[in-house]
Amino acid sequence: VIDLVVKYGLQKVCSFLEFIKKGQNLTDISKALGVSREQVSKSYKKKAVELVTQEFVELAKSRRSK
């Protein structure tokens with residue numbers, strides 16, 4: 001996750017991923033990030049899925065070429 005912060009400059013999205021990894025719910029995450037639950041659900045969750053998907057595809061491609 002730290003690599004994503006450096007690579008994309010998305011501290012709150014990466015924090016969101018850390019909270020999810022720890023099993024926290026969206027309400028608790030929104031309070032911790034200081035934003036609405038709706039913003040977490042619509043913005044952070046969506047961007048996190050995009051980033052994780054992109055990183056997964058890049059990892060898969062790099063392993064396939066070895």
Can you list the steps and then say if Glu58 with Ser62 is a side-chain hydrogen bond (donor to acceptor under 3.5 Å, both in side chains)?
CA-CA 6 Å; Glu58 287 180 20; Ser62 71; over 6 Å; no

Would you say that Leu33 contacts Phe19 through its side chain, given a criterion of any heavy-atom pair below 4.5 Å between the two side chains?
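With C-beta onward as the side chain, the pair touches.
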
Only one of Gln39, Arg37, Glu38 forms a side chain to side chain contact (heavy atoms under 4.5 Å, CB included) with Ser30, so which one is it?
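Going through Gln39, Arg37, Glu38 one by one, the side chain to side chain contact (heavy atoms under 4.5 Å, CB included) with Ser30 is satisfied by Arg37 alone.
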
Just verifying a value: how many Å separate [X] [atom1] and [Y] [atom2], rounded to the nearest 0.5 Å?
X: Ile29; Y: Leu17; atom1: CD1; atom2: CG; result: 9.0 Å
X: Lys31; Y: Leu26; atom1: NZ; atom2: CG; result: 12.5 Å
X: Cys14; Y: Lys47; atom1: SG; atom2: NZ; result: 10.5 Å
X: Leu51; Y: Phe16; atom1: CG; atom2: CZ; result: 11.0 Å
X: Lys22; Y: Asp28; atom1: NZ; atom2: CG; result: 12.5 Å

Step by step, would you call Val35 with Lys12 a side-chain contact (heavy atoms from CB on, under 4.5 Å)?
CA-CA 10 Å; Val35 297; Lys12 284 191 176 183; 4.0 Å; yes

